[in-house]
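Numbers restart at 1 for each chain; the letters A, B, ... are given by sequence-line order, proteins then strands. Owing to the predicted nature of the structure, the values given are computational and were not obtained by experimental measurement.
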There are 2 protein chains.
Amino acid sequence: MKQKRTTIYDIAKALNIHATYVSKALNEHPTINQEMIDKVKKKAAELKYRHNSFAANLRTNYSKICGVVVPKINESFFSNAIAGIEEVCSQNGHHLIICQTQESYKKEVEAVETLIRQNVDCIIISLSLETKNGNHLQDVLANGIALIQFDRYDESILSFIVKNDNREAAGRAVKHLLDQGYQKIAYIGGPEHLKIYIERKQGFIDMIREAQISIPYEYTCNISLKREESRKIALELLNSPNPPDAFFTASDFAALGVMQAAKDLNIAVPEKLGIFGFQNEEFTQYLTPTLSTVDQKSMELGALSAQLYFSNLHNKEVITKNYKTEIVKCSLITNQSSDRSKKGSPIPKM
Amino acid sequence: MKQKRTTIYDIAKALNIHATYVSKALNEHPTINQEMIDKVKKKAAELKYRHNSFAANLRTNYSKICGVVVPKINESFFSNAIAGIEEVCSQNGHHLIICQTQESYKKEVEAVETLIRQNVDCIIISLSLETKNGNHLQDVLANGIALIQFDRYDESILSFIVKNDNREAAGRAVKHLLDQGYQKIAYIGGPEHLKIYIERKQGFIDMIREAQISIPYEYTCNISLKREESRKIALELLNSPNPPDAFFTASDFAALGVMQAAKDLNIAVPEKLGIFGFQNEEFTQYLTPTLSTVDQKSMELGALSAQLYFSNLHNKEVITKNYKTEIVKCSLITNQSSDRSKKGSPIPKM
DNA sequence: GTCGATATTGAAATCGATTGAATTCTTTTT
DNA sequence: AAAAAGAATTCAATCGATTTCAATATCGAC
């Protein structure tokens, strides 16, 4: 059985004043003089009083809780984003309920449902891979809950969007490969119902076009973000009559698969094959050779998402409908897997 | 402004019955017949009714929320533990509020305070490195909130404890090193106000004693879990007149530092130096050579922690005071860094 | 010393669901 | 047909904080 907690009534009784007064004192209501505020606070501490969020939230209809929905909390991109969100939220006296979708659409719908039920003030979400559209987010808006999408979003839903300059960053990564002398660059991307993968591919195409080179049709593939799949795809391409001399992938896990394929076939990286990933997973720096990747500034991305809530949506009487899309610029991390300048056996950075 | 939600009163009005009845129907109270239950549920769905947790929780004093406090959600040990906790909690209709302490005592106290305020039913915690004692957990118990400590615990606090067989697992790891022919094994551990580090060291000592070998005093060091620190310590030891031929460390990050030191000094691993870590961080499998480590079965550990709540503490009128300590057995992952059987240049597993 | 203005404090309603007791309605029993 | 038993439904109180409005106290001015 849970203990009965100290309430404002207990404090009121102890001080022989009215509970209303206690509430006001604790909230430092302007009509209460400082002396009383101190007195009440002292007694509250003495009686180990703790504000009961439920009662307050029921009355005010605000929970000071942000719901966060991400595919996996243990992918570093997301865990860093959460760290950013948490920092900003706790600065603003808000707490986090975190839900994981495991890339499942069904779990995502459930998570959103749960968060609405929990009466969160705001939902910060990154869609699952299975999610084909964001219609389930309409419910969030209908309940007057602030909505912010980051990284993986559906732009047809009215909300703030925080994303990377995926297209430009992809372009810069490909440019780097070209600058290193790679000519036949293959691309392994993700499912194209998600905008980010369209953009990354577009950046790849932009740069290939700009360099006025042409690549065979089979060099671009949109289906795989996972290690094993990418490994197979890379093996096939590398064994073909006209193999690529570099890979740009939309995920580090895909790049890892490519690296594995190169090892399988005893192809030297970066000498014979350049590899460039995307996402800056922690493991990229532990590989041999270390993997070049695009850092999405995930922590900043998360922090910015939360900031948008506090500066634009929080406590705003009328939600102004001028939703913006904020862009966080990626930075390139060029590691050994794409760096031909130091030829010969690379010395691990470690 | 947040929307006003549909309430049981709205449903009651629509069906011309009493709100109480709606509540009971939705909860499938035994005195309500099925026909009515269906009718009410149908109308509820029609009106997009959502149960308001706050109102219910205020009344019942139960929130169906478990608070989780961990040092860092982005260390794989913890994120896997959280995944295990989440699975069990969601199976039991509970949600998670997750707090990060960043290994800071102050943040840990705040997190616990916050969770009590949020009226969570249960707190599952793993202490921060800075935490010297668990006195702040006394408040949790005083509020009748169930308490479960895992991995890093203070045994003087009355609670369930879920931990690994640290001592035995450490012993097995050291045994493995001995079996591989290493004789001069050094140990790098963590701060000994945390029981787990005492235990791991104890396991190390047990096995050294059992093998009837002696090691110099300076071979054991308790101060470092971090990469850079360990690297320095390893460099010093390896440069000493009587260098160790193997390291057993209480954390993978420390092992990583040792590996780095070996590389700095051009010492072949595992030929000249064996390394064995602890925790099974994801990166261990991406290193060259791959790092041997102890898998703490973190997901099971988390799941078991949550299960203890549901099977022993949840809805129990009198909290029976026979708290138990549950042990989850670790499994050894012997990788290249300690495996002399395949001599010569190791082929990465990848 | 009275009036009015301002500063303090109190009363009462409210948020939405739950719960046990009370009431009404239905069915069975005699 | 009346009484008893049982099922279905409603009543009323409650959880703890907030908030609006009313009441009282305090102070200065004339």
Could you go over nucleotides 19-23 of chain D and give all protein N or O partners under 3.5 Å, atom names and distances?
| from | atom 1 | to | atom 2 | distance (Å) |
| --- | --- | --- | --- | --- |
| D:dT19 | O4 | A:Thr20 | OG1 | 3.3 |
| D:dT20 | O4 | A:Lys24 | NZ | 3.4 |

Rounded to the nearest angstrom, tell me the gap between atom [atom1] in [X] and atom [atom2] in [N].
X       : N      : atom1 : atom2 : result
A:Ile17 : D:dT24 : CD1   : C1'   : 16 Å
A:Phe54 : D:dA17 : CZ    : C1'   : 13 Å
B:Asn52 : C:dT14 : CG    : P     : 18 Å
A:Arg5  : D:dA17 : CZ    : C1'   : 12 Å
B:Glu28 : D:dA8  : CD    : C1'   : 17 Å
B:Leu58 : C:dT18 : CG    : P     : 12 Å
B:Tyr9  : C:dT18 : OH    : C1'   : 9 Å
A:Tyr49 : D:dG16 : OH    : C1'   : 8 Å

According to the interplanar angle, ranging from 0 to 90°, do the rings of A:Phe150 and A:Phe77 count as parallel (below 30°), tilted (30 to 60°) or perpendicular (above 60°)?
tilted
Do you know which two heavy atoms are closest between A:Val88 and A:Ala303, and how far apart they sit?
CG2-O, 3.7 Å
Can you name the closest pair of heavy atoms from B:Phe54 and B:Asn52 and give their distance?
N-OD1, 2.9 Å
Check DNA chain D against residues 30-47 of chain A and give the residues with a non-hydrogen atom under 4.0 Å, in numerical order.
none
Answer yes or no: are there more than 12 heavy-atom neighbours, outside A:Lys132 itself, under 6.0 Å from its atom NZ?
yes
Ionic contact status for B:Asp139 with A:Arg50, cut-off 4.0 Å
yes
Indicate yes or no: does A:Glu46 engage A:Lys43 in a salt bridge with an N to O separation below 4.0 Å.
yes
Sequence-distant partners of A:Glu130, salt bridge (charged side-chain N to carboxylate O under 4.0 Å, His left out), two or more places apart
none
For C:dA11, does OP1 or OP2 lie under 4.0 Å from any side-chain N or O of A:His18?
yes
Could you tell me whether the side chains of A:Asn61 and A:Asn119 share a donor-acceptor contact shorter than 3.5 Å?
yes
Taking side chain as C-beta onward, heavy atoms only, is A:His94 less than 4.5 Å from A:Cys122?
no
DNA chain D: A:Leu26 or B:Ala55, which has the more 5' nearest nucleotide?
B:Ala55
